[in-house]
Amino acid sequence: MNYRAVKGMNDILPDEMVRWHHLEREFRVVAERHGYGEVRTPIIESTALFTRSIGEATDIVEKEMYSFERHGEALTVRPEGTASAVRAYVEHHIHQKEPVTRWYYLGPMFRGERPARGRYRQFHQLGCELFGDAGSVCDAEMIDMLHGLFMRLGISDLEIVINSLGGADTRPRYRQIIVDHLEPRKARLSEDSIRRLSSNPLRILDSKDERDIAALEGLPSIIEVLTQDDREHFDRLCSQLDRLGTPYRVDPTLVRGLDYYTRTLFELRSQAGQVGAQNALGGGGRYDNLVQQMGGPSTPAIGFALGVERILLAMDVAELASPPLVVIAPIGPQAASEALLMARELRDHGICVELDGRGGASTSLKAMLRRANARGARVCLVLGQEELESQKVQLKDLAARSQVLVAREELMHRLLDVLQQPMMTGGAA
RNA sequence: GUGGCCGUAGCUCAGCCCGGUAGAGCACUGGAUUGUGGCUCCAGUCGUCGCGGGUUCAAAUCCCGUCGGUCACCCCA
């Protein structure tokens with residue numbers, strides 16, 4: 001093989017695309033039902049947009065971005081969607097047009113990580129952003145919307161984890177508390193966490209290392225050090241979720257990889273279809289300072305992103321119904337030409353038709369029928385020399401194993417009749 | 001980025017330890033059925049054994065490197 005897809009980037013072939021479309025369709029339905037409208041932003045943005053919004057010291061910015069220079073411009077293929085949405089929101093002065101804005105998006109993102117199951121260098125996200133409302137109602141509604149979406153997708157073991165990072169001042173303050181707490185116990189930390197103590201102390205909270213867990217003993221949780229306003233926001237969110245009956249678990253150690261989050265933070269997890277620790281299907285949170293930070297007016301906001309590939313792993317979709325298919329099997333070149341005409345006529349009536357053009361050459365009827373059966377076709381129309389001469393066509397119900405000879409002018413009527421019948425299990429009688 | 005495991009037919013894999021002419025099932029094609037599919041039976045097609053180098057009379061098999069996948073770590077969707 002001379003050429004292959006770039007490492008960590010995948011082709012999605014039609015067989016698999018059925019599941020993708022199902023997921024995307026469900027997402028769109030749910031998002032639109034909640035008042036969100038689709039936004040599409042460029043896949044390439046200025047590098048600075050990401051470094052400023054995501055944070056200079058994050059893993060994404062430090063080592064995972066696909067950045068390049070072109071005509072003197074520093075550009076990056078987007079590693080996530082929020083930065084672009086915020087940029088577009090600010091650039092088009094959306095805040096002057098409406099007080100509250102709800103956008104959704106879907107598309108590919110790029111991060112140069114080492115690929116593994118459910119983690120790729122080109123991966124796809126579904127996301128929502130809500131601008132202009134600071135209330136905890138938004139948080140509750142968004143989390144409930146996600147819960148509803150996952151229920152529709154049949155992901156039953158969904159776990160919703162929430163936390164609050166407080167306002168802009170809380171994080172540095174808590175960070176200091178962690179450092180003060182751990183510095184005297186530094187010697188007992190894991191190697192990774194000793195390094196993190198100076199680079200990203202908050203990350204130590206989700207360490208699974210026994211030594212770190214022991215060293216963290218006695219540290220107040222971030223929720224305990226929230227300001228009163230932040231605390232009230234979080235408490236309101238919890239009671240609103242309780243009222244909705246939306247299940248969630250508070251985990252004060254939940255920290256996410258992006259710098260712009262404030263207050264509410266959430267993550268969605270499932271064990272289904274997963275191997276090992278890679279169980280996060282998506283997550284999000286508030287970013288009340290980001291819009292202003294990116295040069296816009298002070299605008300509270302909240303959003304989330306879901307990993308399509310991961311949801312697809314967790315989603316157990318039995319059999320997705322597809323529209324009934326009709327295969328036309330012509331025998332001989334003359335019949336093939338006639339079949340071409342017939343196929344168009346059927347399609348004009350909204351029927352999905354696959355014309356087996358091989359029948360125009362030397363392929364046997366048997367081969368075409370076998371193929372029609374393998375494709376899961378509902379009906380096969382056989383058009384041979386005899387039918388051509390008598391202006392008729394064999395209408396074969398593949399499921400019922402029955403066949404009738406119908407006149408051309410009756411075909412549409414009879415065909416629609418068969419297609420409307422529920423699929424009968426053949427051979428039961 | 002670090003470490004483990006894997007890479008053989010279109011797909012799933014056996015063969016590798018112990019070097020000696022590359023296999024199975026599924027799929028595909030044809031036949032049993034001159035124009036009738038799901039089951040059955042018969043036959044057939046399909047391979048740079050991931051790639052490159054080394055050892056050897058001889059390498060899918062042993063050694064080194066490399067690429068890809070996967071798992072753990074890291075991190076995250």
Side-chain angles (χ1 to χ4, degrees), chain A residues 1-2 4-10 13 15 54 58-64 78-82 106-127 190-193 195-196 199-200 203 206-209 254-258 267-270 274-284 304-314 327 329-332 335 356 358-359 362-388 394-403 405 425-427:
Chain A
M1 246 171 288
N2 288 320
R4 30 190 334 167
V6 172
K7 177 180 178 138
M9 311 210 176
N10 304 109
L13 302 176
D15 275 353
I54 298 168
T58 56
D59 272 33
I60 294 178
V61 168
E62 272 184 358
K63 51 191 189 194
E64 295 173 359
R78 67 181 183 195
E80 59 106 43
T82 300
L106 75 195
M109 308 291 164
F110 302 82
R111 293 183 200 172
E113 297 177 279
R114 179 142 177 183
R117 183 178 166 86
R119 155 194 284 192
Y120 305 101
R121 292 185 170 177
Q122 174 175 340
F123 61 104
H124 298 76
Q125 288 191 328
L126 311 170
S190 68
E191 299 72 30
D192 280 335
S193 290
R195 177 177 53 77
R196 290 187 188 118
S199 64
N200 194 357
R203 275 271 150 220
D206 24 57
S207 169
K208 287 139 215 148
D209 194 297
L254 176 64
V255 180
R256 308 194 82 251
L258 310 167
E267 191 166 289
L268 301 126
R269 299 172 184 162
S270 164
Q274 301 291 330
V275 182
Q278 205 133 263
N279 59 1
L281 301 182
F304 68 80
L306 308 176
V308 173
E309 286 84 352
R310 291 190 183 178
I311 293 174
L312 256 20
L313 283 175
V327 168
I331 303 163
D356 198 335
R358 299 177 304 166
S362 56
T363 301
S364 68
L365 174 61
K366 179 191 190 130
M368 290 190 285
L369 280 168
R370 197 166 28 223
R371 172 76 190 147
N373 193 58
R375 284 283 283 118
R378 183 77 177 79
V379 164
C380 183
L381 300 175
V382 180
L383 189 64
Q385 199 56 40
E386 290 170 32
E387 289 80 11
L388 219 49
Q394 296 283 2
L395 191 165
K396 197 168 180 60
D397 184 329
L398 290 168
R401 305 215 62 172
S402 63
Q403 175 174 320
L405 184 65
T425 44

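Throughout, a chain's letter reflects where its sequence line sits, starting with A, and its residues are numbered from 1. For clarity, every value in this text was computed on a predicted model and none was experimentally measured.
- Closest contact between the side chain of V382(A) and the listed nucleotides rA77(B), rG30(B), rG35(B) involves rG35(B).
- Searching all strands for a Watson-Crick or G-U wobble partner of rU56(B) with both distances below 3.5 Å returns nothing.
- Rounded to an integer number of Å, the gap from CG of L365(A) to P of rG30(B) is 11 Å.
- Counting only heavy atoms from C-beta on, Q394(A) has its side chain closest to rG35(B) among rG35(B), rU29(B), rC71(B).
- If you measure from atom CZ of R121(A) to atom P of rG1(B), you get 7 Å, rounded to the nearest angstrom.
- Remark: Y120(A) is not in phosphate contact with rG68(B), judged by side-chain N or O atoms under 4.0 Å from OP1 or OP2.
- Taking every side-chain heavy atom of R358(A) into account, rU29(B) is the closest of rG35(B), rU36(B), rU29(B).
- The side chain of K366(A) lies closest to rG37(B), out of rG37(B), rU70(B), rG35(B).
- Residue S364(A) has its side chain nearest to rG30(B) when only rU36(B), rG30(B), rU70(B) are considered.
- OP1 or OP2 of rG68(B) sits under 4.0 Å from a side-chain N or O of K7(A).
- With respect to M109(A), the side chain to side chain contact (heavy atoms under 4.5 Å, CB included) criterion is satisfied by exactly one of Q122(A), H124(A), R121(A), Q125(A): Q125(A).
- Of the candidates rG35(B), rA77(B), rU70(B), rG35(B) carries the atom nearest the Q385(A) side chain, counting heavy atoms from C-beta on.
- For rG69(B), neither phosphate oxygen OP1 nor OP2 lies less than 4.0 angstrom from any side-chain nitrogen or oxygen of R114(A).
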